[in-house]
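Structure, as structure tokens:
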2 protein chains.
Amino acid sequence: MNSKAAAIRILGIDPGLRSTGFGVIDKAGNALAYVASGCIKTDAAGSLPQRIKTILDGLVEIIATYRPQQAAVEIVFVNVNPQSTLLLGQARGAAIAALVTADLPVAEYTALQVKQAVVGHGKAAKEQVQAMVARLLKLPGVPGSDAADALACAIAHAHGGQGMGALATAGKRMRGGRLV
Amino acid sequence: MNSKAAAIRILGIDPGLRSTGFGVIDKAGNALAYVASGCIKTDAAGSLPQRIKTILDGLVEIIATYRPQQAAVEIVFVNVNPQSTLLLGQARGAAIAALVTADLPVAEYTALQVKQAVVGHGKAAKEQVQAMVARLLKLPGVPGSDAADALACAIAHAHGGQGMGALATAGKRMRGGRLV
């Protein structure tokens, strides 16, 4: 299979127990195209296994629908509340479980790496990420915060992240969110 | 399907990123019988998605081999190191993902509940849990620590834990690790 000429479809994930954002983009050469995005919300009144099942079922459906070839998952922050850190970790573990079960190669990016790739610096505010994602993918409006973070993670992967091999934009640099 | 008269097979899990313990027991009436136990070890040099895949593949194989009907997972402690808490959470989320993907009902027990059910008090040392598990299941030797914790979690579930419905030992109490 020589997929170098064809578009590569990337699924970006911003994991969370309440809401897991997802974003699907196509990369053909240096061009990026929006495919889909949204978020999987879990019932806060449900048990942890039930909420994990909701995340899994959602991701299984998204993977079956859009058939991505690669996945990129945001590396989550350690929270000040250890119990929240544990819950977030469990949601992220479940999301990665869904991806590896579908045999997708999974790359991981910190929020800093994602912001640098999309906005051009690591201190960008959430609104800047949302606006830049909308601009880079030529969206008619600004996506929701979780969906924007997931799309941003997919864009970071497309812009020469791990596992893109010969497709990586070697030697290119970001300035103001554009490859220069 | 009326399985009330037949034995119920329970899979207990003690989740961890380095080593995930598992233990399978059968409960028929008040009698418990040992089926299998062990642990799934991951390569510390591997990436997190690779290690999560190892845990998943291991659990998928265990479920296919022993065909449990119910699962019980130990509720993990928050670690002093937040990064360790996050890693442990991810391992636990992946383990629960494997269980709910196999449509197993998943009950959760704290280490305190497990120790109370198996040893009779919540302050039991690891060695006491191992010895009591060996005694309750009539094992010829003492199981390894992770396998013992997983078996203990399955025993706690068998002894009237969540989701055992009419099989729960209602009104019974534990004393010295025995139902009285």
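Lettering of chains follows the sequences in order, A, B, ..., and the numbering in each one begins at 1. Keep in mind the model is a prediction, meaning the values are calculated, not measured.
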- Message: Check this for me, if you would: do A:Arg92 and A:Glu108 make a salt bridge, where the nitrogen-to-carboxylate-oxygen distance has to be below 4.0 angstrom?
- Response: yes
Pick one of side chain, backbone, both or neither for [X], based on which atoms fall under 4.5 Å of a heavy atom in chain A.
X: B:Leu86; result: both
X: B:Val73; result: neither
X: B:Asp103; result: side chain

Partner of A:Thr20 under side chain to side chain contact (heavy atoms under 4.5 Å, CB included), picked from A:Ile13, A:Ile62, A:Asp14, A:Thr42, is A:Ile13
* In terms of side-chain heavy atoms, does A:Gln69 have a donor or acceptor partner in A:Arg9 at a distance below 3.5 Å? -> no
Strictly by modelled atom types, are B:His121 and B:Gln116 linked by a side-chain donor-acceptor pair under 3.5 Å?
no
Under 4.5 Å to a heavy atom of chain B? For A:Val76 that would be both
Highest number of heavy-atom pairs under 4.5 Å with chain A among B:Ala98, B:Ala94, B:Pro49 belongs to B:Pro49
Heaviest contributor of heavy-atom pairs below 4.5 Å to chain A, chosen from B:Gly89, B:Pro15, B:Ser47, is B:Gly89
Practice item. Answer yes if B:Val119 and B:Val142 sit in the same cluster of Ile, Leu, Val, Met, Phe, Trp and Tyr residues linked by side chain heavy atoms under 4.5 Å apart, and no otherwise. Key: no
